[in-house]
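Letters A, B, ... mirror the listed sequences (proteins, then strands); counts begin at 1.
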Number of protein chains: 2
Amino acid sequence: MKEVQNSWPAGIKRTRQRQSVFSVLESSGKPLSASDICLKIEKNGEAVWLSTVYRALELFVKKGVVIKTNVMNNEMAVYELNRFKHKHYAVCINCRKMIAVENCPMEKFIPELEEDDFHVMGHNLEVYGFCKDCNPK
Amino acid sequence: MKEVQNSWPAGIKRTRQRQSVFSVLESSGKPLSASDICLKIEKNGEAVWLSTVYRALELFVKKGVVIKTNVMNNEMAVYELNRFKHKHYAVCINCRKMIAVENCPMEKFIPELEEDDFHVMGHNLEVYGFCKDCNPK
DNA sequence: TGCGCAATTGCGTATCATTCGCATTTAGCC
DNA sequence: GGCTAAATGCGAATGATACGCAATTGCGCA
């Protein structure tokens with residue numbers, strides 16, 4: 001039904017289920033949870049078991065193809081394609097919408113830390129507040 | 001055995017269990033998980049049920065007395081006393097040690113976001129890498 | 001100073017995301 | 001087309017956290 005034969009990350013065996021997970025992520029503009037992905041695949045008329053989605057995501061993350069993030073205290077992890085563009089999200093406290101934040105305040109900051117004998121490998125930044133639709137004011 | 005009658009947050013009914021949770025946090029230099037807290041209390045010869053610890057922490061967080069944070073993709077939440085000093089942590093990928101980072105790169109950054117119709121209420125920042133004991137180099 | 005009642009706790013069980021185990025199926029090299 | 005390692009379906013396990021309810025406790029009030 002759908003023709004998604006195009007891009008495929010190297011070094012990963014191509015199966016129908018992984019292909020489905022990948023193309024859902026590819027066509028999504030925002031990070032998705034494992035069950036979001038599962039639902040979207042089922043909506044396309046295909047079947048995937050949730051644990052298979054988790055396994056595919058785990059593999060993609062290990063290969064650096066997908067980025068896993070955790071939003072707001074606990075809850076569940078969300079996944080997005082690694083488009084190799086450094087970014088962060090502003091998360092709405094009310095509707096949980098995630099808005100990408102373009103530039104990162106960390107660049108100038110990391111060298112300071114390196115001086116304190118901490119070898120920085122990466123960072124997570126998450127801003128929370130109210131989006132314009134939910135702004136109580 | 002221990003005399004911890006001193007400080008107590010206003011508007012919270014004082015019970016033995018809550019007192020225990022509070023004083024463990026008070027005397028800890030680093031954030032602790034709910035079960036860490038439980039173990040430390042038991043080590044002091046007192047008994048607390050884990051769910052009671054969770055309930056106490058939940059209350060403290062709601063009252064703003066305690067700060068809840070989630071470290072590194074999923075895992076579990078850690079809690080620390082709110083000492084009203086804004087800070088972040090550098091987390092070691094290897095030994096999970098958390099090192100407080102003094103200054104925050106976000107101050108200048110938030111006004112930019114506000115312009116994009118996002119009303120910022122707060123932020124989480126977590127830097128990860130290798131501490132000096134675990135530095136592979 | 002003791003009573004009464006609402007709030008809290010002990011304790012077990014439920015929930016929810018995620019992981020694991022294993023038998024069956026599949027991808028893709030020969 | 002057949003073979004084998006890898007992947008999947010499926011269910012059940014796990015681990016953090018929440019919840020329900022009866023028993024207990026803190027504490028305001030008489």
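Nearest-nucleotide assignment on DNA chain C puts the 5′-proximal partner with A:S35, out of A:S35 and A:E58. The residue among B:Y79 and A:T52 whose nearest nucleotide of DNA chain D is located toward the 5' end is A:T52. Toward the 5' end of DNA chain D, the nearer of the two residues B:S33 and B:T15, judged by each one's closest nucleotide, is B:S33.
With rounding to whole Å, B:W8 atom CH2 is found 12 Å from D:dG26 atom C1'. Rounded to whole Å, the distance from CD1 on A:I37 to P on C:dT18 is 10 Å. The distance from atom OH of B:Y54 to atom P of D:dA16 is 7 Å, rounded to the nearest whole Å. If you take CG of B:L50 and P of C:dT8, they are 18 Å apart, rounded to a whole angstrom. With rounding to whole Å, A:K13 atom NZ is found 6 Å from D:dA7 atom C1'. We find that CG of A:D36 is positioned 16 Å from P of C:dC16, with the value rounded to whole Å. Taking atom CD1 of residue B:I12 and atom C1' of nucleotide D:dG26, one finds them 15 Å apart after rounding to whole Å. As a whole-Å value, the separation of B:L57 CG from C:dT9 C1' is 15 Å.
Proximity of B:M106 to A:L125: side-chain heavy atoms (C-beta onward) are separated by under 4.5 Å at one or more points. The closest side-chain heavy-atom distance from A:F60 to A:L81 is not below 4.5 Å.
A side-chain donor from one of B:S20 and B:E46 sits under 3.5 Å from a side-chain acceptor of the other.
Across its full length, the helix from C:dT1-D:dA30 to C:dC30-D:dG1 shows an angle of 30° between the axes of its 5 terminal pairs at either end, rounded to 10 degrees.
Between C:dT26 and A:Q17, no contact under 4.0 Å exists linking OP1 or OP2 to a side-chain N or O. Considering only side-chain N and O atoms, B:R16 lies under 4.0 angstrom from the phosphate OP1 or OP2 of C:dG10.
Residue-to-nucleotide contacts include a donor-acceptor pair under 3.5 Å from the side chain of B:R55 to the base of D:dG20. Contact of B:R18 with D:dG26 (side chain to base): no donor-acceptor pair of N or O atoms is detected under 3.5 Å.
No more than 12 heavy atoms of other residues, nucleotides or ligands sit less than 6.0 Å from atom NZ of B:K30.
The aromatic rings of B:H86 and B:H123 lie tilted to each other, with the angle between the two planes from 30° to 60°.
Here A:S51 lies in heavy-atom contact (under 4.0 Å) with a base.
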Passes side-chain contact (heavy atoms from CB on, under 4.5 Å), A:H88 versus A:C104? Steps please. CA-CA 7 Å; A:H88 298 293; A:C104 170; 3.4 Å; yes
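Once rounded to the nearest 0.5 Å, the distance linking NZ of B:K68 with CG of B:L57 reads 9.0 Å.
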